[in-house]
A.B. asks: 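Following this message is one structure expressed as structure tokens.
In what follows, chains are A, B, ... by sequence order, proteins preceding strands, each numbered from 1.
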Amino acid sequence: MPELPEVETTRRYLAAHLPGARVAAVALHDPRVLERPDPATFAAQLAGATITEVRRRGKYLILDLAPAPPPAPAAAGPAPATRHLVVHRRMTGNLFLREPGAPPDAHTVAVLSLADGRELRLCDLRRLARLWLADAAELAALDRALGPEPLTPAFTPERLAASLTRRRARLKALLLDQRLVAGLGNIYADEALFAASLHPARLAHTLTAEDIARLHTAIRTVLEQGIHNEGTSFRDYRGAVGQPGRNQLLVAVFRRTGQPCPRCGTPIVKTRVGGRGTHYCPQCQR
DNA sequence: CATTACCTGCAA
DNA sequence: TTGCAGGTAATG
């Protein structure tokens, strides 16, 4: 569910409210949410840690943790390592930061209780969301596995071209591949293809330099618009205080099957590309 | 390359 | 009752 704009919207709120907070305890309501380490180690490494920063890489949210200070007469061993709590919300996961005494949220799968009484809750109807604790090496591996951040200078038309020109796959399937660009999902892929006037089933190697330049701009434009509107909420996405986004009111093609194309009025068509529902204007997108 | 499994709820 | 849903890893 949450793509880059939804994760970024959540990140901005959490980054303004979490740094400095100390983790008092962690509860796993559904142990399947935890990838690693085992629940006991996970709880032990989180307890007492202080959240220092909230970052995002693609669709992953990363909480940097400073370890708990050692007990008073601490032996002069190696300092405990900084760790990172990595969260991926997959399809229906939401992260809520709730005030002390807030009523429970449906589908809660994990809770970080903070020392000040607040709770950071991971809630996920479909239970596909995952979280894990990473050390610096694991975080670096995650970083390497992902393509460039589309809203940074690392994402250039040349780099996009390099990952498209030799590929025989259909364009939309490649846009969803996180190794190519980090953060696009089904909504913003469809919207970017519409903004670039490109057919989702177009074979990637047939794109011209002009096509790629338009696509590069379109990817940035739709993601920036999504962030500006605090995400797209068709069904399940909510922000860190439970609020829906507004971008669903502004999409051109996504879930607008049969409705007129905003550019030419032709009814929007829905097909299947790369196993995903895909919406496009058969007139404008070639 | 494409398809399936992982989950649950809801619309068709 | 079936198929589909904003994602990804694991299969053919």
A.B. asks: By nearest atom, which of the nucleotides dC7(B), dA2(B), dG6(C) is closest to the Arg127(A) side chain?
C.D. replies: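 It is dC7(B).
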A.B. asks: Rounded to whole angstrom, note down the P distance from dG6(C) over to dC1(B).
C.D. replies: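 My reading of the P atoms in dG6(C) and dC1(B) gives 23 Å.
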A.B. asks: NA contact type, Phe254(A), heavy-atom cut-off 4.0 Å: base, sugar-phosphate, or nothing?
C.D. replies: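 Answer is sugar-phosphate: Phe254(A) comes under 4.0 Å of backbone atoms only.
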A.B. asks: According to the Watson-Crick and G-U wobble definitions, with both distances under 3.5 Å, which nucleotide is paired to dA9(C)?
C.D. replies: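 Pairing partner, where one exists within any strand: dT4(B).
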A.B. asks: Do side-chain atoms of Glu6(A) reach the backbone of Gly231(A) as a donor and acceptor pair under 3.5 angstrom?
C.D. replies: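 Not at all, since once roles are kept as given, no pair shorter than 3.5 Å links the two residues.
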A.B. asks: As a test of reading the structure: which of dC7(B), dA9(C), dC4(C) is closest to the side chain of Arg90(A), going by heavy atoms?
C.D. replies: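 Looking only at heavy atoms from C-beta outward on Arg90(A), the closest nucleotide is dA9(C).
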A.B. asks: Could you check which of dC4(C), dG7(C), dC7(B) has an atom nearest any side-chain atom of Arg32(A)?
C.D. replies: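 From the listed options, dC7(B) comes nearest.
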A.B. asks: Taking only the side-chain heavy atoms of Asp236(A) (C-beta and beyond), determine which of dC1(B), dG9(B), dG6(C) contains the nearest atom.
C.D. replies: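 The closest nucleotide is dG6(C).
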A.B. asks: Report the residue (Arg272(A) or Tyr60(A)) whose heavy-atom-nearest nucleotide on DNA chain C is the more 5′ of the two.
C.D. replies: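 Mapping each residue to its closest nucleotide by heavy atoms, the 5'-most match is Arg272(A).
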A.B. asks: What's Arg179(A) touching, base or sugar-phosphate or nothing? Going by heavy atoms closer than 4.0 Å.
C.D. replies: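 Arg179(A): no heavy atom of the nucleic acid under 4.0 Å.
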A.B. asks: Taking atom P in both dA10(C) and dC7(B), what distance in whole Å separates the two?
C.D. replies: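 These two P atoms come out 14 Å apart once rounded.
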A.B. asks: Rounded to the nearest Å, what distance is computed from the CG atom of residue Leu184(A) to the C1' atom of nucleotide dG7(C)?
C.D. replies: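 So the CG-C1' distance, Leu184(A) to dG7(C), works out to 13 Å.
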A.B. asks: Is Lys172(A) near enough to dA2(B) that one of its side-chain N or O atoms lies under 4.0 angstrom from OP1 or OP2?
C.D. replies: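 For Lys172(A), the contact criterion (side-chain N or O under 4.0 Å from OP1 or OP2 of dA2(B)) is not met.
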A.B. asks: What integer distance in Å separates Leu4(A):CG from dG7(C):C1'?
C.D. replies: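 From Leu4(A) CG to dG7(C) C1': 14 Å.
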A.B. asks: How long is the line joining CZ of Arg89(A) and P of dT8(C), in whole Å?
C.D. replies: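 So the CZ-P distance, Arg89(A) to dT8(C), works out to 12 Å.
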A.B. asks: In terms of side-chain heavy atoms of Lys59(A), which of dC1(B), dT8(C), dG6(C) is nearest?
C.D. replies: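 Within the option list, the nearest is dT8(C).
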A.B. asks: Round to a whole Å and report the spacing from CG of Leu171(A) to C1' of dC1(B).
C.D. replies: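 My rounded result for the distance is 16 Å.
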A.B. asks: OP1, OP2 of dG6(C) versus side-chain N and O of Arg126(A): anything below 4.0 Å?
C.D. replies: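 No, outside the criterion.
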A.B. asks: Output the rounded distance in Å from CD1 (Ile187(A)) to C1' (dG6(C)).
C.D. replies: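 That distance rounds to 4 Å.
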A.B. asks: Is any NZ, NE, NH1 or NH2 atom of the basic residue among Arg214(A) and Asp211(A) found under 4.0 Å from an Asp or Glu carboxylate oxygen of the other?
C.D. replies: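 Salt bridge present between Arg214(A) and Asp211(A).
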A.B. asks: Once you apply a heavy-atom cut-off of 4.0 Å, does Gly275(A) come out as touching a base, just sugar-phosphate, or nothing?
C.D. replies: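 If one applies the 4.0 Å heavy-atom cut-off, Gly275(A) turns out to touch nothing in the nucleic acid.
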A.B. asks: Whole angstroms only, please: what is the CG-C1' distance between Leu176(A) and dT8(C)?
C.D. replies: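 Checked: the CG to C1' distance equals 11 Å.
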A.B. asks: Can a donor-acceptor pair be found, under 3.5 Å and without considering hydrogens, that links the side chain of Glu149(A) to the backbone of Gly58(A)?
C.D. replies: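 Indeed, once roles are kept as given, a pair shorter than 3.5 Å links the two residues.
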A.B. asks: Starting the side chain at C-beta, find the nucleotide from dG6(C), dA5(C), dT8(C) nearest to Gln178(A).
C.D. replies: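 Closest nucleotide among those given: dT8(C).
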A.B. asks: Can you tell which of dC6(B), dG9(B), dA2(B) lies closest to the side chain of Leu128(A)?
C.D. replies: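 Selected nucleotide: dC6(B).
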A.B. asks: Nearest of dA11(B), dG7(C), dG9(B) to any side-chain atom of His107(A)?
C.D. replies: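 Shortest atom-to-atom distance from the side chain points to dG9(B).
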A.B. asks: With respect to the side chain of Ala169(A), which nucleotide from dA2(B), dC1(B), dA5(C) is positioned closest?
C.D. replies: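 From the listed options, dC1(B) comes nearest.
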A.B. asks: Quick one: Asp124(A) CG to dG6(C) P, roughly how many Å, whole number?
C.D. replies: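 In whole Å, dG6(C) P lies 15 Å from Asp124(A) CG.
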A.B. asks: Taking NZ, NE, NH1 and NH2 as the nitrogens, is one of them in Arg126(A) or Asp236(A) under 4.0 Å from a carboxylate oxygen of the other?
C.D. replies: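 The answer is no: the pair does not qualify as a salt bridge.
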A.B. asks: Please classify the nucleic acid contact of Arg130(A) as base, sugar-phosphate, or nothing, using heavy-atom distances under 4.0 Å.
C.D. replies: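 Here Arg130(A) touches no strand at all.
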A.B. asks: Does a side-chain N or O from Arg276(A) land closer than 4.0 Å to OP1 or OP2 of dA2(B), or not?
C.D. replies: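 Result: no.
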A.B. asks: Give me the distance, rounded to whole Å, that separates dT3(B) from dC4(C) when you measure between the P atoms they each carry.
C.D. replies: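 The answer is 13 Å between these two P atoms.
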A.B. asks: Could you tell me if Asp38(A) and Thr41(A) have a donor-acceptor pair between their side chains, going purely by distance under 3.5 Å?
C.D. replies: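 Note: Thr41(A) and Asp38(A) side chains meet the donor-acceptor criterion.
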A.B. asks: Among Arg11(A), Arg246(A), Arg12(A), which one satisfies salt bridge (charged side-chain N to carboxylate O under 4.0 Å, His left out) with Glu230(A)?
C.D. replies: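 Passing option: Arg246(A).
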A.B. asks: Whole angstroms only, please: what is the CD-P distance between Glu35(A) and dC6(B)?
C.D. replies: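 Rounded to the whole Å, the gap is 15 Å.
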A.B. asks: Between Tyr188(A) and Thr232(A), do the side chains contain an N or O donor and an N or O acceptor separated by less than 3.5 Å?
C.D. replies: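 Yes - a donor-acceptor pair under 3.5 Å links their side chains.
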